[in-house]
Protein chains: 2
Amino acid sequence: MFSKATEYALRATIYIAQKSSITHKLSLAEIAAAIDSPPSFTAKILQLLTKDNCVINSVRGPNGGFYITEKSKLLPLKNILEAVNENDLFDKCILGLKKCSETKPCPLHFQYKPIKQELIHLFQTNTIQEISEKADNEYLFINNSI
Amino acid sequence: MFSKATEYALRATIYIAQKSSITHKLSLAEIAAAIDSPPSFTAKILQLLTKDNCVINSVRGPNGGFYITEKSKLLPLKNILEAVNENDLFDKCILGLKKCSETKPCPLHFQYKPIKQELIHLFQTNTIQEISEKADNEYLFINNSI
DNA sequence: ATAATTAAAGGTAATTTTGTCCTTAATTAT
DNA sequence: ATAATTAAGGACAAAATTACCTTTAATTAT
């Protein structure tokens, strides 16, 4: 479904939302260990997340690391996908046809359409905060045997 | 969503179901041109489709090529995914967690679950025939400006 | 039988994705 | 100020996917 990069971006952001604050930043090493991802590759992805889209923040130096603001926690998951450039995923034709559209649909277009819309809805309505709160409770996550 | 290989497999099979019969087989060249795919790569994928799973058939030699039987047309699209080994796609955790399950769900598990089931339903209930008939009518396909 | 045609099969090459490493810049603590 | 720590950034490497090419096997038409 998603690329590894996107999976790591989602997992990392959820973990950061769970565990970090402006006064308690998380190091790359901790994050990568927690979400079971290769540290160096994860570094690249965290860079994307701190860029223009600014889902998360970072500071260098001792006691530096990554954190997320309360304001950013209110962003929908979609913003994470945008940050790693996988946001157009749900716009694409399921058969990969460039010209598939409402007026010239592919043979699966109208069957896939409602599913696509539910996917979009899922990522547009759920905030980082809402999802990260689930990870706190009886839900599986991270450092909890992936 | 799908890999290129799977997209080509779906498009090729739908096209073959549209155009071929036991008495009118389609060459690799025609199929690849029609579905806008690289011929050599498409050849590999068609081989997979003719293997054990046997979604389509082939014969070599003059007037040979690929075709699909009426019986095979009644198979669900899922069989195409199986043939190219992308059938487990819908079983996977959306966050890529190996241990995600009903009892230890990831934070997105229960939100993604109904969508996943609709995807499975889509590929299990629609037959190759049903979908290929759509491609005949006002639907976009193939040789029709991709 | 022979030649022509077509898919099968295998190896190779290009591209993309994933992953690593090393240097630089920023920040902090001393 | 200096040293230590941490992310940023760039170059590089490995792996996977996608794409190509050449030879072989099967089939058909002559």
Side-chain angles (χ1 to χ4, degrees), chain A residues 1-13 16 20 22-33 35-68 81 83-86 88-89 92 96, chain B residues 1-13 15-16 20 22-33 35-68 81 83-86 88-89 96:
Chain A
M1 176 100 219
F2 290 129
S3 65
K4 286 287 173 198
T6 299
E7 285 178 7
Y8 298 155
L10 289 165
R11 275 147 59 178
T13 304
I16 292 166
S20 82
I22 180 85
T23 56
H24 181 65
K25 305 184 188 71
L26 309 178
S27 71
L28 169 65
E30 175 183 348
I31 296 164
I35 69 169
D36 191 35
S37 65
S40 302
F41 189 45
T42 305
K44 302 295 185 191
I45 294 156
L46 293 178
Q47 276 181 45
L48 291 174
L49 289 164
T50 56
K51 278 265 164 61
D52 27 87
N53 212 287
C54 212
V55 175
I56 61 174
N57 295 94
S58 68
V59 301
R60 304 193 221 191
N63 298 313
F66 299 89
Y67 67 99
I68 186 168
L81 303 186
V84 294
N85 307 308
E86 198 149 359
D88 57 343
L89 177 72
K92 288 187 185 155
Chain B
M1 175 101 219
F2 290 130
S3 66
K4 287 288 174 197
T6 299
E7 286 179 5
Y8 298 154
L10 288 165
R11 275 148 59 179
T13 304
Y15 181 72
I16 292 166
S20 82
I22 180 86
T23 56
H24 181 66
K25 306 182 188 72
L26 309 179
S27 71
L28 168 65
E30 175 183 347
I31 296 164
I35 70 169
D36 189 36
S37 67
S40 302
F41 189 44
T42 305
K44 299 294 185 192
I45 293 156
L46 293 179
Q47 277 180 45
L48 292 173
L49 289 163
T50 56
K51 279 264 164 62
D52 26 271
N53 212 287
C54 212
V55 174
I56 61 174
N57 296 94
S58 68
V59 301
R60 305 193 221 191
N63 297 314
F66 298 90
Y67 67 100
I68 186 167
L81 303 187
V84 295
N85 306 309
E86 199 150 358
D88 57 342
L89 177 72

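Here is the naming used below: chain letters follow the sequence lines, and residue numbers restart at 1 for every chain.
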Ignoring the backbone of [X], work out which of [options] is nearest its side chain.
X	options	answer
A5(B)	dA11(D), dT18(D), dC20(D)	dT18(D)
Q47(A)	dA8(D), dT20(C), dA7(C)	dA8(D)
S3(B)	dT20(C), dT18(D), dA7(D)	dT18(D)
K44(A)	dG10(D), dA7(C), dA19(D)	dG10(D)
P38(A)	dA8(C), dA19(D), dT20(C)	dT20(C)

Worksheet item: Rounded to the nearest 0.5 Å, how far apart are CG of L46(A) and CG of L26(A)?
Response: 10.0 Å
Worksheet, complete the sentence: Distance col, row I68(A):CD1 vs K25(A):NZ, nearest 0.5 angstrom, shows 14.0 Å
Check whether any side-chain N or O of [X] sits under 4.0 Å from OP1 or OP2 of [N], and answer yes or no.
X	N	result
T50(A)	dA8(D)	yes
T42(B)	dA19(D)	no
Y8(B)	dT18(D)	no

[X] [atom1] to [N] [atom2], straight-line distance once rounded to whole Å:
X	N	atom1	atom2	answer
K4(A)	dT20(C)	NZ	C1'	17 Å
I45(B)	dA8(C)	CD1	C1'	15 Å
F41(B)	dC21(D)	CZ	C1'	15 Å
L48(B)	dT17(D)	CG	C1'	14 Å
L28(B)	dC21(D)	CG	C1'	13 Å
E7(A)	dT18(C)	CD	C1'	12 Å
H24(B)	dT6(C)	NE2	C1'	15 Å
I31(A)	dT6(D)	CD1	P	12 Å

For [X] and [Y], which heavy atoms make the closest approach, and how far apart are they?
X	Y	result
P39(A)	A32(A)	CA-CB, 3.7 Å
A83(B)	L49(B)	CB-CD2, 3.7 Å
F66(A)	I16(A)	CB-CD1, 4.1 Å
G96(A)	R11(B)	O-NH1, 3.6 Å
Y67(B)	S20(B)	CA-OG, 3.3 Å
F2(A)	E7(A)	O-OE2, 3.8 Å

Practice prompt. Identify whether any heavy atom of L26(B) sits under 4.0 Å from a base atom; if not, whether one sits that close to sugar-phosphate; answer base, sugar-phosphate or nothing.
Written response: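 Touches sugar-phosphate only.
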Worksheet item: With a 4.0 Å cut-off on heavy atoms, is S40(A) in touch with a base, just the backbone sugar-phosphate, or nothing at all?
Response: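 Base contact - S40(A) has a heavy atom under 4.0 Å of at least one base atom.
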Worksheet, complete the sentence: Note on DNA chain D: ranges paired as stems (three or more Watson-Crick/G-U pairs in a row, both atom distances under 3.5 Å) are C:1-30 with D:1-30
Fill in: Distance-only side-chain donor-acceptor flag, T50(B) / S58(B), under 3.5 Å
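Distance-only check fails for T50(B) and S58(B).
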Practice prompt. Let me know which of I45(A), N85(A), L81(A) forms a side chain to side chain contact (heavy atoms under 4.5 Å, CB included) with T6(A).
Written response: L81(A)
Between the protein and nucleotides 25-30 of chain C, are there any N/O to N/O pairs under 3.5 Å, and if so, what are the atom names and distances?
unit_1, atom_1, unit_2, atom_2, d
dA25(C), N3, R60(A), NH1, 3.0

